[in-house]
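What follows is a short report on a single structure.
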Amino acid sequence: MTTPGAPETMPTMHDPQTELSQRFSAAIAEAFGPEHAAVDPLIAPAKNPKFGDYQANVAMSLGKAVGRNPRDVAADLLAALDVGDLFDPPDIAGPGFINLRLKDDYLSQCAASLAGDERLGVGPDDSPQRVVVDYSGPNVAKEMHVGHIRSTIIGDAIVRVLEFLGHTTIRRNHLGDWGTQFGMLIEHMIDTGATTQADSFHVGDLNALYQQSKQAFDSDPAFADRARDRVVKLQSGDPDTLKLWRLLIDESYRHFSEVYARLNVRLTEDDVRGESAYNDVLSDVLADLESAGLTVLSDGAVCVFPDGFAGRDGEPLPLIIRKSDGGFLYATTDLAALRYRIRDEHAQRIAYVTDARQKQHFAMVFQTAKSAGWIDEGAAQDSSGGVRLDHVPFGTILGEDGTPFKTRSGDTVKLADLLDEAEQRAAAIVARKNPDLDANQRRQVARVVAIGAIKYADLSSDRVKDYVFSWDRMLAMDGNTAPYLQYAYARIQSIFAKADVDPSTLRNSPAPTDVPVTHPAEKALILKILQLGGVIRAVSETLEPHRLCTYLYELASSFSSFYENCPVIAADNDAQRRARLILCDITARTLKTCLGLLGIETLDRM
RNA sequence: CCGCGCGUAGCUCAGUCGGAUAGAGCAGUGGACUUCUAAUCCACAGGUCGCAGGUUCGAAUCCUGCCGCGCGGACCA
């Protein structure tokens, strides 16, 4: 949001933590020699306000490395350190902690900089990459259920974060659209006459279609034979069969896209590249592996035994490439997809957002790809070397009784039903809390709150752990929940409305003197916002969205404290009022930006 | 049997690369609404960080062993 009138000479503003890291690194090199220049200065926000605003923990570890007393190391470091323009004289405390306190005008300078920056001080990544993110991946001819929600939500958030940092993402929806089950599905379509138009069967009937086909397959040998023939026809590309198969996919995708739209997930049909897309190259993959000398014939099946994997009794664990009957399995498809992503899509990083139970599977697939030399193939395009492969595992959703989340009758929960219930519950809360809203507004608020609550509950705890699904907790207005964050945002908008201020007028290159910091709650709020860049970079590195949630909650808590302690509209004077309005604006934009990165919407009123 | 993951307050969860007195929310107790949305805030109380060793100035964090739970482990995905 830099304006033409802004002085060109204004140096690029770093957040204080980055600034300190750079200056400490320089001081380390100067005081202890270039051989220690790469040592991380270990700058962190102060653990306790009484220690100041930031702390450097490097003196202890450096002291060990150079065999000296850490406090003496800290003293030498401070002698070489040049931060007097921005910080008060640092203290050495305890075993060698260095405590730093920002000067007030530096803090004001930071706040002014945030106010004038659309990206809130977070620059794009230095080395943007092409990243393939594989997520969602529902099965054709089945309704989406809770088993798909985590991959879909987590993957979407990861994509948004990566794109915010300037990476190019290739979203991949690896649909389960191929396999022997399609023989019976298609044969059943023919039997029931659902062959000419999509609307002769409905999404809601897909599960029924699957169950009926399965039942026919199990109970009727003649049907089973026809189904097997149909698989052969499908695989050999019989046009009539393919047409029916296509119909099934289209009808299924219509259902998926409805769910994606409700979830505000950005997957589109262009992102679909299902299992069937790799069907033609499976034998090439096999040939690749054979020529790399990786394959072993074992009990009639073609296997790869990747290094470092043992099964029962410590015997090598196979990755089965081709079954003894000649058929291919998902390992082969995953290898084909991996090869395609490296070779044809030129990915520099590939992230697979799948259930934690597939961890070993992907580890084996990755190891096989490395042994086959595919990763080096990618290194030719990536000057930084190689392709980074990330499995992004997540745990199971549990009910409040600690067992996997099911309906009362023990069935898997359909995603559409889950969203319906969330909206109903949210609507009831909205009606109770804010009866002033008209019916239309209530419905809109309920929708945004409901979807936000479900997503945030999923994203806010460490994804690798199982999490306990609880309506009451996710829809609570207290604690680390989406409604609490959305409420903080709405309160800010309410201030602007009441003050009759257009927040965009607050972003026009304010000067540091426009943002004096007079209250500890104001200072805490600015310091929290200054942590944004570090948090987002950490998420892009670890692919752990819950770090952003933890941050958001801390931010909203800081704002709530500010809200209680620092009147905005009724500030002491115009200057303070304007300063606080600016703080409100950067807080609101930070909340909205972060929630947006999680795929969660905000509301001006709720 | 082998491998992977998890184990933090009554419950649900954070805890950065090993750093200062392990933090939140819920539930509990006690406070705060003529004041920008009380859908909120403040305070109090609550801990053998699964157990036992080890590494060191310092361990919830790293190493070893054990216990408990979950999940994988040959032609499903």
Side-chain angles (χ1 to χ4, degrees), chain A residues 40 42 44-48 50-51 55 57 60-61 63-64 69-70 93-97 99 137 139 176 179-181 275 298-303 308-315 317-325 327-331 333-334 354-361 363 393 395-396 400 402 429-430 432-434 436 449 460-462 464-468 470 472-473 475-481 483-484 486-488 490-499 534-535 538 542 546-547 549-550 553-554 557 560-561 563-571 580 584 605-606:
Chain A
D40 187 334
L42 299 172
K47 184 130 193 219
N48 184 320
K50 78 181 181 195
F51 298 135
Q55 58 185 67
N57 299 336
M60 284 82 79
S61 53
K64 191 177 287 185
N69 180 323
F97 296 103
N99 293 331
N139 294 317
T180 52
Q181 73 273 24
E275 294 173 354
S298 174
D299 292 342
V302 178
C303 301
F309 294 90
R312 220 179 296 275
D313 305 324
E315 285 176 22
L317 200 58
L319 193 64
I320 297 178
I321 305 300
R322 196 182 66 189
K323 296 192 285 183
S324 51
D325 68 3
F328 292 104
L329 299 98
Y330 73 126
T333 307
D334 283 337
T354 80
D355 196 290
R357 284 174 293 195
Q358 296 189 46
K359 185 172 181 174
Q360 182 174 253
H361 166 71
T396 307
E400 295 192 70
I429 294 171
V430 174
R432 191 170 72 242
K433 300 285 189 182
N434 201 344
D436 294 344
V449 168
S460 59
S461 64
D462 187 356
V464 81
K465 298 182 184 176
D466 295 348
Y467 93 87
V468 178
S470 163
D472 289 342
R473 259 203 310 281
L475 285 166
M477 305 302 158
D478 292 344
N480 191 10
T481 68
Y484 177 78
Q486 290 167 324
Y487 177 61
R491 278 175 133 185
I492 298 174
Q493 299 314 310
S494 181
I495 292 174
F496 290 137
K498 189 86 64 168
V535 172
T542 62
H546 80 281
R547 293 167 181 264
C549 299
T550 301
Y553 179 58
E554 290 167 355
S557 298
S560 293
S561 180
Y563 185 90
E564 295 290 325
N565 289 292
C566 304
V568 178
I569 294 173
R580 289 181 173 171
C584 284
R605 294 185 67 193
M606 65 182 280

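In the text below, chain A, chain B and the rest are named by the order of the sequence lines, each starting its count at 1. Computation of the quantities below employed the complete heavy-atom set of this structure, encompassing side-chain atoms and omitting hydrogens, waters and symmetry-equivalent molecules.
Residue-level contact check: A:Thr481 touches neither bases nor backbone, having no heavy atom under 4.0 Å from any strand. Using a 4.0 Å heavy-atom distance criterion, A:Val468 is classed as a sugar-phosphate-only contact. Among the atoms of the strands shown, base atoms are found under 4.0 Å from some heavy atom of A:Ala490. The residue A:Ser494 sits close to a base: some heavy atom pair falls under 4.0 Å. Using a 4.0 Å heavy-atom criterion, one finds that A:Gln55 contacts the bases of the nucleic acid, with or without backbone contacts as well. Residue contacts shown for A:Ser324 include a base, since a base heavy atom lies under 4.0 Å away. Among the atoms of the strands shown, base atoms are found under 4.0 Å from some heavy atom of A:Ile569. Among the heavy atoms of the strands lying under 4.0 Å from A:Ala301 is at least one base atom, whether or not backbone atoms are also near. As judged by a 4.0 angstrom heavy-atom cut-off over every strand, A:Ala331 is placed among residues making no nucleic acid contact. Nucleic acid contact class of A:Leu329 (heavy atoms, under 4.0 Å, all strands): sugar-phosphate only. Residue A:Phe51 is classed as a base contact, given a heavy-atom separation below 4.0 Å to a base. Within the 4.0 angstrom heavy-atom criterion, base atoms lie near A:Arg605. Nucleic acid contact class of A:Pro567 (heavy atoms, under 4.0 Å, all strands): base. Within 4.0 Å (heavy atoms only), A:Asp436 reaches no atom of the nucleic acid at all.
Judged by centroid separation below 5.5 Å and plane tilt below 30°, A:Phe97 stacks onto the base of B:rA20. Here A:Tyr553 does not count as stacked on B:rA24, because the ring centres are not under 5.5 angstrom apart with planes under 30°.
RNA chain B forms stems at B:1-7 with B:67-73, B:10-13 with B:23-26, B:28-32 with B:40-44, B:50-54 with B:62-66, each a run of 3 or more consecutive Watson-Crick or G-U wobble pairs whose two key distances fall under 3.5 Å.
You won't find any donor-acceptor pair under 3.5 Å spanning the side chain of A:Tyr487 and the base of B:rA39, going by distance alone. For A:Asp478 and B:rC26, a side-chain-to-base donor-acceptor distance below 3.5 Å is absent, hydrogens and geometry of angles not being considered. A donor-acceptor contact under 3.5 Å links the side chain of A:Ser298 to the base of B:rA74. With hydrogens and angles ignored, no donor-acceptor pair closer than 3.5 Å exists between the side chain of A:Asp334 and the base of B:rA77.
Considering only side-chain atoms of A:Ser461, the nucleotide from B:rC71, B:rA14, B:rA39 that sits closest is B:rA14. Considering only the side chain of A:Asn99, B:rA20 comes nearest among B:rA77, B:rG72, B:rA20. Checking B:rA14, B:rU16, B:rU37 against the side-chain heavy atoms of A:Thr550 singles out B:rA14 as nearest. Side chain of A:Ile429, nearest nucleotide from B:rA20, B:rA39, B:rG72: B:rA39. Residue A:Met60 has its side chain nearest to B:rC57 when only B:rC57, B:rC17, B:rU37 are considered.
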Filtered N/O pairs between nucleotides 1-9 of chain B and protein, under 3.5 Å:
unit_1, atom_1, unit_2, atom_2, d
B:rG7, OP1, A:Lys465, NZ, 2.9

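Nucleotides B:rG47 and B:rG3 place their C1' atoms 33 Å apart, quoted to the nearest Å. If you take atom P in B:rA14 and the same atom in B:rA24, they sit 16 Å apart, rounded to whole Å. Between the C1' atoms of B:rU8 and B:rC13, the separation comes to 10 Å (whole Å). The separation of B:rA27 from B:rG10, taken at their C1' atoms, amounts to 8 Å, rounded to a whole angstrom. Nucleotides B:rC17 and B:rA9 have their P atoms positioned 23 Å apart, rounded to a whole Å. For B:rC69 and B:rC62, the C1' atoms lie 24 Å apart once the distance is rounded to whole Å. Between the P atoms of B:rC26 and B:rG70, the separation comes to 31 Å (whole Å). On the P atoms, B:rC44 is 12 Å away from B:rG25, given to the nearest whole Å.
A:Asp40 has its CG atom 13 Å from the C1' atom of B:rG18, to the nearest Å. Rounded to whole Å, the distance from CZ on A:Phe309 to P on B:rA74 is 14 Å. In this entry the distance linking OH of A:Tyr467 with C1' of B:rC26 reads 17 Å, nearest Å. Across the protein-nucleic acid pair, A:Asn434 atom CG and B:rU40 atom C1' stand 14 Å apart, rounded to whole Å.
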TODO: List the steps and the verdict of side-chain contact (heavy atoms from CB on, under 4.5 Å) for A:Met60 and A:Leu42.
DONE: CA-CA 10 Å; A:Met60 284 82 79; A:Leu42 299 172; over 6 Å; no
Go through A:Thr354 and A:His361 one step at a time and tell me if the side-chain contact (heavy atoms from CB on, under 4.5 Å) criterion holds. CA-CA 11 Å; A:Thr354 80; A:His361 166 71; over 6 Å; no
Is there a side-chain contact (heavy atoms from CB on, under 4.5 Å) between A:Arg580 and A:Ile495 once you walk through the steps? CA-CA 11 Å; A:Arg580 289 181 173 171; A:Ile495 292 174; over 6 Å; no
If you apply the rule side-chain contact (heavy atoms from CB on, under 4.5 Å), what do you find for A:Cys584 with A:Tyr563, and how did you get there? CA-CA 9 Å; A:Cys584 284; A:Tyr563 185 90; over 6 Å; no
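Checked by atom type, the side-chain pair A:Tyr467/A:Ser460 shows no donor-acceptor distance below 3.5 Å.
Using a 4.5 Å heavy-atom threshold, the side chains of A:Ile429 and A:Leu475 count as touching. Side-chain contact between A:Tyr484 and A:Met477 is absent, with no heavy-atom pair separated by less than 4.5 Å. In this structure the side chain of A:Val468 reaches within 4.5 angstrom of the side chain of A:Arg473, judged on heavy atoms.
A close approach under 4.0 Å does not occur between any side-chain nitrogen or oxygen of A:His361 and OP1 or OP2 of B:rG73. Contact annotation: A:Lys64 side-chain N/O to B:rG58 OP1/OP2 distance is not under 4.0 Å. Proximity of A:Tyr563 to the phosphate of B:rA38: a side-chain N or O atom is located under 4.0 Å from OP1 or OP2. At B:rC41, one or more side-chain N or O atoms of A:Tyr484 fall inside 4.0 Å of OP1 or OP2 (strictly under the cut-off).
Side-chain atoms of A:Glu275 do not come within 3.5 Å of backbone N or O of A:Tyr330 as any donor-acceptor pair. Remark: side-chain polar atoms of A:Thr550 are paired, donor with acceptor, to backbone N or O of A:His546 under 3.5 angstrom. With hydrogens and angles ignored, the 3.5 Å screen pairs no side-chain donor or acceptor of A:Ser494 with any backbone N or O of A:Ala490. Checked by atom type and distance alone, the side chain of A:Asp299 never pairs as donor or acceptor with a backbone atom of A:Ala301 at under 3.5 Å.
For A:Met477 and A:Cys566, each mapped to the nucleotide of RNA chain B holding its nearest heavy atom, the one lying further toward the 5' end belongs to A:Cys566. Nearest-nucleotide positions on RNA chain B for A:Lys47 and A:Asn565 put A:Lys47 closer to the 5' end.
Distance check: A:Glu400 CD to A:Asp472 CG gives 7.0 Å after rounding to the nearest 0.5 Å.
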